[in-house]
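By convention in this document, chain letters (A, B, ...) are assigned in the order of the sequence lines, proteins followed by strands, and residues within each chain are numbered from 1.
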Amino acid sequence: MIDIKLLRNETGQVAANLARRGFVLDADSYGKEEERRKALQVRLEDLRRQRNEGSRAVGRIKSGGVDPAALASEMERLAVIDHELEETEGAFRTIEASLEAFHLTLPNLVDASIPDGRDASQNVEVRRVGDPPQLGFTPHDHVAIGEALCGMDFSEAARITGARFVVLKGDLARLQRALINFMMDVHVAEHGYEEVYVPHLVNRASLTGTGQLPKFESDLFGIAKITDWYLIPTAEVPVTNLARDRVFLNTELPKRWVAHTPCYRSEAGSYGKDLKGMIRQHQFEKVELVTVTTPDHSMEALETLTAHAEAILNKLELPYRVMLLCAGDLGFASAKTYDLEVWLPGQNQYREISSCSNCKDFQARRLQARSRARMSDKPEWVHTLNGSALAVGRTLVALLENRQDEGGRISIPEPLRPYLGGRSHLEPRRGGG
RNA sequence: GGAGAGAUGGCUGAGUGGUCGAAAGCGCUCCCCUGCUAAGGGAGUAAGGGUGAUUAAGCCCUUCGAGGGUUCGAAUCCCUCUCUCUCCGCCA
């Protein structure tokens, strides 16, 4: 949620900022509704004050020996006030609820450092690391490689569930597990994150806190039995909610958490995209980094968090580029985002493998997550950041495609070998999976 | 799933219809005393919002798990829900 006071007082300025995202905020009609709210609130509070005074008067009359005439007239006066109070309260609640609902649909303000742009085509390449491999033959895509390794089966998954799922077996299932453990270990041992294990089902409040609800319900999988619960679309939701309703001491910050979870996304509205293979699935594994900082350190924390995600790509010797998202491509909760895009020879292009965002105080306001330097200080909103490090399924795809040889062997990068029993290669196999 | 107990400020914990936004303690802040690895004394210390001159004082409203209700008046009474704890059952 953006700062409501700022929205009220500088509606035009906020509207101009949000316009950079392509979000249209009608400043005039908002201003009018806000004026109505204010007038009603002032009236309401005055009525409540009158009622409180009257109630106290009744108390005084009763305790001081009953004077029936005074009591009757006071009660009569209060009945009139109560009547108007009830009406005003109803009107106020209606407008207040509608304003609150509206506030929850407003995306975060765009950071000043963000370039203009309408969509992904106008994102800015910040740097490029590593070169696409010179394979010297027509690269296979990960689907062909996976089938040759006899460990990637989409039709079985379709039978078990439906489209956009995969069954991994043998070397590939183990490779995925190796990647998860490798990433977790690097973040814990080398980057200093605290490993957390979190629920994979979350309630509406948590999803509202991080910004998926109320606006993006169609992207989520709900569950039939408990309608308040949803499968997590990312570990960002449960992990960032660790900060909910908390007041941190600045000395406790930054909090840096890492979690591995499966992620579930309905992929509504992406029917045509990436139908083949593991790139876009309803269920995928992800290792997620979350940082909670004081406001003065969050931009620096975004660079650090992004570097931590890049470290995984570097260790796995995967070529990638860093994109600074333009205003129009920024996610709902984010003020500034770097996407990491890995090179995929099978597609002959860079594809997103990580997204690192500074949400500044946007989620903190929804979450009531605050901090202060001393107990006697007034708490202020923390800043929250999150980033994939990395999307495991896509990392697996990238490894297969970048490290294949003409015979279909996959070379395992050095740091990953201990997680695969020391093996240096995966070999294609004959026969069925 | 069954039975019972509970949910109060950063924390612990009093408070069963009328200046209770809430005793006390801890913690924290400031001051004083003392003087050396500690202790004592005093004062202050919830949040959000409205009004005020958009950042003062003051005044006011709301909030004691959430939502309803009774009442002139609710932390206190009633109903529903959520969560926590204890015991039993079941279970990985």
Side-chain angles (χ1 to χ4, degrees), chain A residues 1-14 27 31 33-97 99-100 103-104 197 199-209 225-230 238 241-253 255 292 295 361 364-382:
Chain A
M1 196 138 67
I2 62 177
D3 181 353
I4 300 307
K5 276 189 180 167
L6 182 72
L7 175 64
R8 283 175 190 157
N9 299 334
E10 305 291 346
T11 310
Q13 194 182 310
V14 169
E33 188 157 8
E34 179 51 32
E35 279 304 311
R36 283 214 306 136
R37 188 220 99 242
K38 186 180 282 193
L40 272 171
Q41 181 165 348
V42 170
R43 180 69 188 138
L44 176 67
E45 290 188 355
D46 185 56
L47 286 165
R48 287 212 267 236
R49 181 185 56 77
Q50 291 183 46
R51 186 207 52 199
N52 291 345
E53 283 172 358
S55 292
R56 278 195 289 270
V58 169
R60 273 195 303 274
I61 293 168
K62 284 197 170 176
S63 67
V66 185
D67 172 350
L71 189 60
S73 88
E74 190 58 39
M75 297 289 260
E76 201 174 307
R77 206 173 65 84
L78 274 170
V80 176
I81 292 169
D82 260 349
H83 180 71
E84 190 183 347
L85 185 59
E86 214 164 289
E87 281 182 355
T88 310
E89 202 150 41
F92 177 72
R93 276 193 204 191
T94 304
I95 193 166
E96 180 80 342
L99 278 169
E100 270 171 23
H103 292 154
L104 286 173
Y197 173 78
H200 299 171
L201 288 165
V202 292
N203 58 32
R204 291 191 66 88
S206 293
L207 287 156
T208 305
K225 196 164 183 176
I226 301 179
T227 54
D228 188 48
W229 289 2
Y230 297 83
N241 270 276
L242 291 172
R244 187 157 112 210
D245 293 325
R246 289 199 56 184
V247 181
F248 294 97
L249 230 38
N250 286 358
T251 50
E252 300 177 80
L253 301 179
K255 283 285 180 192
V292 177
D361 62 5
R365 288 173 190 282
R366 293 170 162 241
L367 293 164
Q368 296 290 310
R370 295 166 297 175
S371 76
R372 55 184 162 198
R374 302 181 304 179
M375 289 305 286
S376 54
D377 288 344
K378 194 183 160 94
E380 56 177 4
W381 304 115
V382 297

Give me the atom names and distance for the closest heavy-atom approach of A:Arg77 to A:Gly54.
NH2-CA, 4.2 Å

Phosphate OP1/OP2 of B:U62: any A:Arg51 side-chain N/O under 4.0 Å
yes

Is it the case that the side chain of A:Arg204 and the backbone of A:Asp228 share a donor-acceptor pair, with hydrogens and angles ignored and the cut-off at 3.5 Å?
no

Strictly below 4.0 Å: does A:Arg93 bring a side-chain N or O up to OP1 or OP2 of B:G67?
no

Could you tell me the Watson-Crick or G-U partner of B:A14, where both distances fall under 3.5 Å? Say none if there is no partner.
none

Might you list the N or O atoms of the protein lying below 3.5 Å from N or O atoms in nucleotides 10-13 of chain B, with each pair's distance?
from  : atom 1 : to       : atom 2 : distance (Å)
B:G10 : O4'    : A:Arg372 : NH2    : 3.3

With rounding to the closest Å, how many angstrom separate the C1' atoms on B:C61 and B:G21?
13 Å

Closest heavy-atom pair, A:Glu33 versus A:Ile95, reported as atoms and distance to 0.1 Å, is O-CD1, 3.5 Å

Does B:A22 have a Watson-Crick or wobble partner in any strand here, with both distances under 3.5 angstrom, and which is it?
none

Looking at B:A47, B:U51, B:C72, which one has an atom nearest to any side-chain atom of A:Val42?
B:U51

Between A:Leu44 (CG) and B:U62 (P), how many Å, whole number?
8 Å

Taking atom C1' in both B:G6 and B:U12, what distance in whole Å separates the two?
15 Å

Between A:Leu78 and A:Gln50 the two heavy atoms that sit nearest each other are CD2-O, 4.5 Å

Would you say the side-chain atoms of A:Asn203 and A:Ser206 include a donor-acceptor pair closer than 3.5 Å?
yes

Nearest-Å distance for atom pair CZ/C1', residues A:Arg48 and B:U62
6 Å

Pairwise 5' ranking along RNA chain B for A:Arg49 and A:Asp82, keeping only the more 5' one
A:Arg49

Answer for the Watson-Crick or wobble partner of B:U51, both distances under 3.5 Å, is B:G58

Qualifying residues under side-chain contact (heavy atoms from CB on, under 4.5 Å), relative to A:Leu242, sequence neighbours excluded
A:Val196, A:Val239, A:Trp257

Is B:A5 paired to anything, Watson-Crick or G-U wobble with both distances less than 3.5 Å, and if yes, which nucleotide?
B:U84

Under 4.0 Å between a side-chain N/O of A:Asn52 and OP1 or OP2 of B:C60, yes or no?
no

Between A:Arg43 and A:Leu47, is a side-chain contact (heavy atoms from CB on, under 4.5 Å) present by the stated rule, with each step listed?
CA-CA 6 Å; A:Arg43 180 69 188 138; A:Leu47 286 165; 3.6 Å; yes

Pair assignment for B:A46, Watson-Crick or G-U wobble, requiring both distances under 3.5 Å:
B:U63

Indicate, with a heavy-atom threshold strictly under 4.0 Å, whether A:Arg43 touches base, sugar-phosphate, or nothing.
nothing

Quick one: the side chain of A:Gln41 and the base of B:G49, do they pair up donor-acceptor inside 3.5 Å?
no

Describe the nucleic acid contact of A:Asp46 in one word from base, sugar-phosphate, nothing, applying a heavy-atom distance below 4.0 Å.
nothing

Taken to the nearest whole Å, CZ/A:Arg365 to P/B:G48 is 11 Å

Which residue, A:Gly54 or A:Glu10, contacts RNA chain B at a nucleotide closer to its 5' end, judged by nearest heavy atom?
A:Glu10

Assigned partner base of B:G35, Watson-Crick or wobble definition, under 3.5 Å
none

Between A:Arg244 and A:Leu367, what is the shortest heavy-atom contact and its length?
CG-O, 3.3 Å

In whole Å, measure the gap between the P atoms of B:G41 and B:A24 for me.
16 Å

Under 4.0 Å: is that the gap between some side-chain N or O of A:Lys38 and OP1 or OP2 of B:U51?
yes

Tell me the closest heavy-atom pair linking A:Arg370 and A:Pro379, and the distance in Å.
CB-CB, 3.8 Å

Gap in Å between the two C1' atoms, one belonging to B:A23 and one to B:G9, rounded:
13 Å

Give the residues of residues 83-92 of chain A touching RNA chain B, defined as any heavy atom closer than 4.0 Å, sorted by residue number.
none

Round to a whole Å and report the spacing from CD of A:Gln368 to C1' of B:G49.
13 Å

Measure from CG on A:Asp245 to P on B:G48 and round the result to the nearest Å.
13 Å

How many whole angstroms separate atom CD of A:Glu45 from atom P of B:C61?
8 Å

Show the nearest heavy-atom pair for residues A:Trp381 and A:Pro295, with the distance to one decimal.
O-CG, 3.5 Å

Check the distance between B:G49's P and A:Leu99's CG and give it to me in whole angstrom.
15 Å

According to the Watson-Crick and G-U wobble definitions, with both distances under 3.5 Å, which nucleotide is paired to B:G73?
none

Calculate the interatomic distance between A:Arg246 atom CZ and B:A47 atom C1'; express it in whole Å.
18 Å

Would you sort out whether A:Arg365 and A:Ile2 count as a side-chain contact (heavy atoms from CB on, under 4.5 Å), showing the intermediate values?
CA-CA 8 Å; A:Arg365 288 173 190 282; A:Ile2 62 177; 5.8 Å; no

Is any side-chain N of the basic residue among A:Glu45 and A:Arg49 closer than 4.0 Å to the acidic one's carboxylate O?
no

